[in-house]
Enquirer: 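Okay, handing you the structure first.
Quantities reported herein were computed from a predicted structural model and do not represent experimental measurements. The basis for the numbers below is simple: all heavy atoms, side chains too, and nothing from hydrogens, waters or symmetry mates.
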Amino acid sequence: MSGMKETAISEKPMDTGQPLLEIKNLKMHFPIQKGVFRRITDYVRAVDGASLAVKRGETFGLVGESGCGKTTLGRCIMRVYRPTAGQILYHEDGRTVDLCALNNEELKPYRRKIRMIFQDPHGSLNPRMTVLDIVGDALRVHGIASGTELEDRVSDLLRRVGLRSEYLRRYPHALSGGERQRIGIARALVLEPALVVCDEPVSALDVSVQAQTLNLLQDLQAEFGLTYLFVAHDLSVVEHLSDRTAVMYVGKLVEFADTKALYVNPRHPYTEALLSAVPIADPRMRERGGRIRLEGDVADPAHPPTGCYFHPRCRYARQRCLEEEPILRDLGGDHGVACHFSEEIELRGAVMVNG
Amino acid sequence: MNTQGPLLEVQDLQTHFSTDEGVVKAVDGVDFTIRQGETFCLVGESGCGKSVTAFSILQIVQDPGRIVRGSIHLRQDDGQTLDLAAMDPKGRALRRIRGRDIAMIFQEPMTSLSPVHTVGDQISETLRLHAPIDKLQAREQTMAILTRVGIPRPERHFHAYPFQLSGGMRQRVMIAMALICRPSLLIADEPTTALDVTMQAVILDLIKELQGEMGMSVMLITHNLGVVAEVADTVAVMYLGRIVESADVYSLFREPKHPYTTALLRSIPVIGLTKQERLATIRGMVPHPFNRPHGCTFHPRCDHFMPGVCNRSLPPITHLEGGRTVRCFLYGGADTREREER
Ligand SMILES: Nc1ncnc2c1ncn2[C@@H]1O[C@H](COP(=O)(O)OP(=O)(O)OP(=O)(O)O)[C@@H](O)[C@H]1O
Ligand SMILES: Nc1ncnc2c1ncn2[C@@H]1O[C@H](COP(=O)(O)OP(=O)(O)OP(=O)(O)O)[C@@H](O)[C@H]1O
Ligand code: SF4
Ligand SMILES: [Mg+2]
Ligand SMILES: [Mg+2]
């Protein structure tokens with residue numbers, strides 16, 4: 001990806017492969033309604049001009065404050081929502097379609113190619129369906145398999161996510177949080193999609209099952225050339241898996257780069273704050289200090305601050321940050337940042353644990 | 001930590017689910033003690049029974065789950081102890097304890113937030129259920145706690161329905177609801193998993209602050225061993241319905257004893273150690289729920305498996321120095337010749 005300026009994206013092809021998915025200036029605003037007449041009084045700008053490009057076959061990590069719009073972005077790609085503005089371009093066999101412009105019927109083939117592992121495994125599994133039905137449903141709907149073949153495929157997949165076939169006839173309520181999460185993973189993968197939006201896919205798993213699942217995601221990627229948009233709060237998981245990583249803050253991307261570069265050499269103050277707060281699995285490191293406490297209120301996406309949305313909480317903010325909104329610009333080397341003073345400030349990267 | 005006497009003592013707790021296919025022994029003989037003011041972390045494989053242990057304490061295990069054995073002693077403010085396991089789950093006494101003495105943050109916030117009530121109403125109702133205050137006061141305190149857990153514009157979000165909030169915001173609403181009655185024990189099941197790391201740090205700080213202010217004990221269930229390392233006093237490691245090891249946090253991370261603990265710690269992804277391509281896992285699968293292995297239930301997956309020993313009988317709890325316990329024949333208890341470690 002060569003910078004986020006719109007012109008740059010359309011003019012310059014990828015140096016390493018064409019993007020599979022390109023999101024341009026995407027906005028998703030939810031109305032806030034009040035009173036008996038449900039009058040619209042305001043809008044929550046859940047996604048507010050986000051742009052990014054995901055290359056074919058890569059894992060693109062997406063991290064950011066909780067409530068910054070990651071899930072909403074994923075749901076827009078899935079077209080669970082109709083975005084307020086912007087484009088979601090899907091490139092395939094030299095053709096490009098804007099998913100935002102398609103109606104339900106036209107979307108059907110893409111619902112098979114683009115799948116999502118939903119963040120809330122509890123809310124997203126139908127309580128009246130068995131595991132077999134939940135995972136196998138898509139195979140049936142798309143006429144791919146039925147009967148024993150369907151059952152075999154489902155139990156094979158369950159085994160790969162570390163669940164025994166004894167679980168086939170269980171209902172979601174009889175499963176632990178992590179077991180449910182793996183059902184969600186199996187459901188997303190069962191159609192052998194091209195792009196998977198993984199929204200916190202391993203957050204409910206213990207580290208050994210998590211490791212097994214992440215290895216599986218990597219294997220499938222190698223085997224089928226899958227592309228992942230990988231959303232997670234666990235920055236070490238994101239680092240392990242992602243080729244490139246982007247950081248979101250209040251509906252926008254504030255930084256993106258090659259994962260290593262982002263972690264070692266962050267250029268946005270919010271990225272620095274995030275990296276400083278990663279807990280370290282060594283109690284002797286407790287008193288290390290250095291965690292950046294973000295002062296001020298969490299931004300409200302219905303009333304974002306002026307200028308740079310991060311300015312009320314930024315340690316490096318100056319007058320210009322209150323007045324002028326920084327655009328996401330390329331610093332070179334596929335490293336983009338939306339901060340006026342990136343070149344002038346010295347930021348700390350992640351604490352590296354080399355054992 | 002200035003931890004004091006025991007607040008909660010769980011002994012030989014067993015909670016089983018009888019299903020058509022068989023009995024799931026979700027919790028199968030669990031013992032632990034939580035001292036006043038301490039942070040007790042429960043970790044372990046997904047599905048090993050952590051949440052069911054927590055539900056058992058509050059007697060809110062779902063049907064067909066039943067506590068079939070064991071006791072759960074809670075010390076109250078007046079020094080008296082109550083066995084929660086022996087109380088009527090639907091009775092008044094236990095209902096009073098829930099929310100007031102023991103509050104819980106659930107793993108999946110949507111299961112415990114009502115979809116048809118605003119978050120503000122839900123929190124203030126919880127408060128009014130346990131404290132003799134009027135609506136206005138309840139509202140004020142609700143605003144205050146929402147602010148403290150980092151909900152922006154609490155006056156607006158007071159009127160929001162849960163579906164209008166992001167996953168992390170719902171989680172913070174749950175946390176607010178649990179903390180508002182200032183319980184003596186907070187059971188937090190994956191309280192910060194849905195949050196970004198800066199918010200996670202804020203919440204953990206808040207819990208610590210309240211612990212300092214009112215001597216609250218915390219039972220923290222989490223998969224995030226980074227969080228455990230940062231906040232725990234004591235850690236218990238669970239595998240298939242039993243605690244296989246417990247120790248103070250420093251000892252556990254420095255020198256894990258049980259092979260499962262060792263394997264678990266090896267699987268942690270760490271920043272800076274990446275591109276090692278594969279993460280370490282534990283071979284094999286979690287056993288069949290109705291048909292658990294004989295002897296030590298970890299033996300089919302264990303690197304130190306001793307044939308004829310580990311698969312014969314259940315290893316007993318061995319007490320080691322520093323108050324540590326472990327359930328593994330490497331540390332004694334075998335009915336044949338004992339073996340030294342390594
Ligand atoms: N259906 C909706 N109606 C109104 N507001 C919504 C809706 N869905 C999301 N929002 C708001 O949009 C914002 C972004 O939410 P989203 O779930 O995308 O965040 P997120 O980045 O996924 O957060 P988390 O990390 O906590 O999951 C939040 O402020 C949320 O309250
Ligand atoms: N209603 C039920 N019927 C049958 N089995 C159940 C029921 N509820 C839970 N279980 C089983 O009990 C075991 C323990 O579940 P529990 O939710 O306590 O696991 P957990 O340790 O909290 O896991 P996680 O870390 O994934 O949340 C699981 O194997 C689960 O499948
Ligand atoms: S008892 Fe045996 S099988 Fe079980 S953990 Fe110890 S060494 Fe491994
Ligand atoms: Mg989300
Ligand atoms: Mg659980």
Enquirer: Quick check: are there more than 12 heavy atoms from other residues, nucleotides or ligands sitting under 6.0 Å from CZ of A/Arg288?
Expert: yes
Enquirer: Could you tell me if the side chain of B/Arg156 sits less than 4.5 Å from the side chain of A/Asp42, heavy atoms only?
Expert: no
Enquirer: Sort A/Leu175 into side chain, backbone, both or neither according to what part of it lies under 4.5 angstrom from a heavy atom of chain B.
Expert: neither
Enquirer: Could you measure the distance from the CD atom of B/Glu230 to the CZ atom of A/Arg291? Nearest 0.5 Å is fine.
Expert: 8.0 Å
Enquirer: Non-hydrogen atoms of chain B under 4.5 Å away: do they reach the side chain of A/Glu65, the backbone, both or neither?
Expert: both
Enquirer: Against chain B, label A/Ala302 side chain, backbone, both or neither, depending on which of its atoms sit under 4.5 Å from a heavy atom there.
Expert: both
Enquirer: Is there any ring pair (Phe, Tyr, Trp, His ring centres under 6.0 Å) pair reaching into residues 230-252 of chain B, and which pairs are they, with sequence neighbours excluded?
Expert: B/Tyr239-B/Tyr260, B/Tyr239-B/Phe298
Enquirer: Let me know if A/Leu294 has heavy atoms under 4.5 Å from chain B in its side chain, its backbone, both or neither.
Expert: side chain
Enquirer: Please look at A/Ser208 and chain B and tell me whether the side chain, the backbone, both or neither of the residue comes under 4.5 angstrom of a heavy atom of that chain.
Expert: both
Enquirer: So, A/Arg182 and B/Ser46: side-chain donor and acceptor under 3.5 Å apart, yes or no?
Expert: yes
Enquirer: Side chain, backbone, both or neither: which part of A/Arg159 has a non-hydrogen atom closer than 4.5 Å to chain B?
Expert: both
Enquirer: With only heavy atoms counted, which part of A/Glu287 is less than 4.5 Å from chain B, the side chain, the backbone, both or neither?
Expert: neither
Enquirer: So, the side chain of A/Asp282 versus the backbone of B/Phe253: is there a donor-acceptor pair under 3.5 Å, distance only?
Expert: no
Enquirer: Using 0.5 Å steps for rounding, measure from the OG1 atom of B/Thr198 to the CZ atom of A/Arg313.
Expert: 6.0 Å
Enquirer: Can you tell me how far the NE2 atom of A/His233 sits from the CD atom of B/Gln200, to the nearest 0.5 Å?
Expert: 9.5 Å
Enquirer: Between CD of B/Gln62 and NE2 of A/His173, what distance do you get to the nearest 0.5 Å?
Expert: 6.5 Å
Enquirer: Hey, could you give me the CD/OG1 distance between A/Glu200 and B/Thr193, rounded to the nearest 0.5 Å?
Expert: 8.5 Å
Enquirer: Give, for atom CG of A/Asp234 and atom CG of B/Asp196, the distance between the pair rounded to the nearest 0.5 Å.
Expert: 12.0 Å
Enquirer: Which atoms form the tightest heavy-atom contact between A/Arg293 and B/Asp205, and what is the distance?
Expert: NH1-OD2, 2.9 Å
Enquirer: What pair of heavy atoms forms the shortest contact from A/Glu166 to B/Glu21, and how long is it?
Expert: O-OE2, 4.2 Å
